Amino acid sequence: MEEKAKPYQIIILCFLCLIWLVPIILVFLGSFKVGDELFDPSKILPKSFNLKNYIDAFQQGSFGLYFLNSTYVSIFATILTVFINTAAGYALAKFHFRGRDSVLMSFLGTLMIPLEVIMIPMFLVIISLHLADTHWGLIIPAAATPTGVFIMRQYLLSLPDELLEAARIDGASEWKIFFNIVIPLSLPAMAILSIFSFMWRWNDWLWPRIVLQTDEKKYTIQVGLSRFIGEYNIDWGGLLAMSVLTMIPVLIIFLAFQRYFVKSLMTSGMKG
Amino acid sequence: MKKLLLTFTAVSAFITNIAMAEPLTVLWFSDNNEGKVLQKLADKYAAEENPEFKMNLLEVAYKELPNRLGTMITGKTPPAIVRQPQPLTYADVAVNLSDYINPEDYASSLMPYYVTDDKVIAVPMDVTANGMIYNKTLFDQAGVTPPLTVDNIWSWDDFHTNIQKVIDNSNAKYGLVWDFTPHRFSTLMYQYNGHFFDDNGSLSFNSPEVIKAIDVFKKLHDDGIMPKSVWVGTENPNSMFRSGTVAVHMSGSWMLSNYNEVESFEWGVMYMPKGDRRSSVPGGKFLQAIEGSGQEEEAAKFIAWLSKPENNKIYVTETENISPLLVNENIERPKNAENFQIFANELANTNEYAAKDWKNVNLDKFAKQFRDEIVDVLVNKKTPEAALNTAEKYAKRKIR
């Protein structure tokens with residue numbers, strides 16, 4: 001039987017929501033302020049919803065192009081990440097081979113190594129493969145993530161072995177089983193991984209900053225945002241406007257896949 | 001699924017293999033509209049001189065510039081041109097521009113920054129001067145007249161008294177905000193005849209003169225003229241001044257284009273107070289061509305064209321900067337003409353050690369620590385003497 005939330009619970013939850021939302025709301029409102037409006041702390045609302053900061057940022061910088069670059073990198077990286085991690089998770093969950101658990105442990109062990117430790121050797125590999133200054137240099141290194149492999153492996157453990165055995169008895173090849181049975185049944189987990197992967201790639205700054213050296217037209221939007229920061233001045237209007245725009249795609253992806261995300265959170269504690 | 005994979009591969013191959021023409025890469029950082037103006041000049045250059053000329057303007061944040069340039073040079077993909085605050089750092093890889101420009105066309109105080117061993121390693125693009133910008137509305141409210149002529153220049157005691165009047169009789173919350181950089185602090189140091197290096201290049205800032213400057217600075221904080229939130233906290237002085245609640249911003253000429261956007265109060269430039277003497281601190285940006293780009297000659301030609309008086313005039317008037325060219329000393333400006341005259345006068349009365357110190361590449365190695373030692377003095381963690389002793393030990397270790 002569903003229990004209705006009590007009024008005080010709703011108030012507490014709304015208050016907590018506000019704490020999280022206030023910085024985002026201030027960024028959104030600030031993006032419409034021009035001139036001195038931004039520096040007057042007594043005025044929260046802008047005088048008008050003026051698009052000047054957005055228009056100026058697009059006209060002065062190639063932000064339309066950076067947006068497309070970020071979209072392209074994030075989408076292709078997500079597709080590659082989900083495919084590779086699902087395949088790896090399936091192998092680690094459903095195939096029994098010598099050293100399987102050691103392989104899984106070594107994948108998980110790499111979670112303890114931050115990017116800053118491995119970025120120099122990774123960059124040298126990128127250089128030798130002629131992937132520096134290319135979007136593939138952003139897409140390929142991040143394709144196989146230990147977190148993604150772990151998520152998919154844990155989800156696929158719940159896949160009935162009998163289903164796979166039945167398919168094998170019927171003569172299906174392993175690739176046919178993977179594409180026709182495993183992937184359709186893994187959609188909830190793949191949706192969650194897609195959200196995470198898209199967010200990671202969209203918000204990534206350090207690796208694109210390292211890989212994209214000489215061609216400004218290949219910048220992603222996070223790297224492009226640094227153009228607003230000069231030696232003495234920060235163009236706050238442009239920075240806030242572009243920051244608002246960078247939030248929108250992630251919001252859309254989350255809204256598109258949220259039912260899988262919320263469902264998995266709600267059922268994670270249930271047995272049977 | 002197979003069709004999807006094939007389409008994916010084809011689309012990616014197409015996008016990543018589109019052939020691009022070879023443009024001239026310019027590594028740049030902008031305050032306000034400088035990148036936009038450079039692009040406009042590049043289009044003019046293409047129209048007048050070379051229709052095939054294309055510029056790849058690689059804009060980065062100022063703080064990223066040294067890392068990016070170093071990485072590009074190490075990776076053997078140097079930019080053809082870089083906008084440099086400190087050309088001497090890369091003197092070894094700079095193209096010699098002696099055949100393209102004449103240093104005698106430029107202000108002599110800048111020469112140590114870009115001429116070394118008879119080699120012209122960069123060309124000045126614009127000059128900056130430290131100075132004070134004041135909130136005219138607050139001064140008018142308080143009935144205080146700022147020093148706008150050389151005859152009325154205040155001492156720091158006069159400044160203290162007059163700014164306190166502004167705070168007491170207007171909507172000002174604070175009298176003065178000061179940029180949190182060693183470069184800006186050094187203005188006060190030079191006004192008391194302090195300097196970082198002596199004529200032999202040895203460290204010389206641990207001196208009674210610098211202690212006097214620190215004492216003046218600390219008094220402004222202790223008496224509430226300056227908020228501690230800038231030098232001890234993380235408050236941005238530009239934002240504070242633009243809120244209209246601060247009477248004076250100790251900054252420089254580069255802020256004029258930023259403050260042109262201010263509509264809620266009137267502002268202007270006033271003469272800085274003097275210590276034992278007057279002084280500002282010169283600065284500037286230079287264009288440097290880097291060897292190894294494969295486009296050295298084209299880069300040198302573009303720099304030489306930008307350095308022509310008529311083209312430099314376009315750049316400095318539209319970006320609100322001071323021209324380094326002697327022939328452009330008194331150019332007509334649509335805005336801020338009087339303000340630039342004050343900055344020019346400040347530069348003309350500057351301690352000669354200001355340029356000598358700031359061209360020294362060793363200063364970068366300890367300037368930040370020097371600034372942080374002053375913060376310790378402001379919070380009463382150290383005396384000025386102890387702070388300078390610590391800074392000196394650190395500096396000696398760093399430039400060994």
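Order of the sequence lines fixes the chain letters, A, B, ..., with proteins taken first and strands second; residue numbering starts at 1 for each chain. Just so you know, these numbers come straight off a predicted model, no measurement behind them.
- At least one cation-pi condition fails for B:R242 and B:Y259: the charged atom is not both under 6.0 angstrom from the six-membered ring centre and inside a 45 degree cone around its axis.
- If you check the side chains of A:D133 and A:T214, you find a donor sitting under 3.5 Å from an acceptor.
- Of the atoms belonging to B:K285, it is side-chain heavy atoms, and not backbone ones, that fall under 4.5 Å from chain A.
- Proximity to chain A is limited to the backbone of B:S30, based on heavy atoms less than 4.5 angstrom apart.
- Ranked by non-hydrogen atom pairs under 4.5 Å with chain A, the options B:N238, B:T71, B:T181, B:V60 are led by B:T71.
- Using a 4.5 Å cut-off between heavy atoms, A:Y219 touches chain B through its side chain atoms alone.
- Within 6.0 Å of CD1 on A:I44 lie no more than 12 heavy atoms contributed by other residues, nucleotides or ligands.
- Heavy-atom pairs under 4.5 Å with chain A were tallied for B:E64, B:K36, B:Q39; the largest tally goes to B:E64.
- Ring geometry for A:W202 against A:F67 counts as perpendicular: the plane angle is over 60°, on a 0 to 90° scale with 30° as the lower cut.
- Comparing B:E261, B:M240, B:R68 by how many heavy-atom pairs each has under 4.5 Å with chain A, the most go to B:R68.
- Proximity to chain A (any heavy atom under 4.5 Å) is shown, for B:R83, by neither the backbone nor the side chain.
- Of the residues considered (B:N258, B:T25, B:N236), B:N258 shows the highest number of contacts with chain A, using heavy-atom pairs under 4.5 Å.
- Proximity to chain B (any heavy atom under 4.5 Å) is shown, for A:L131, by neither the backbone nor the side chain.
- Between A:F32 and A:Y54, the ring planes lie tilted relative to each other; the angle falls in the 30° to 60° range.
- Ring-plane geometry between B:F53 and B:F302 is classed as tilted, the angle between the planes lying from 30 to 60 degrees on a 0 to 90 degree scale.
- We find that B:D43 and B:K40 are not joined by a salt bridge, their nearest charged nitrogen and carboxylate oxygen being 4.0 Å or further apart.
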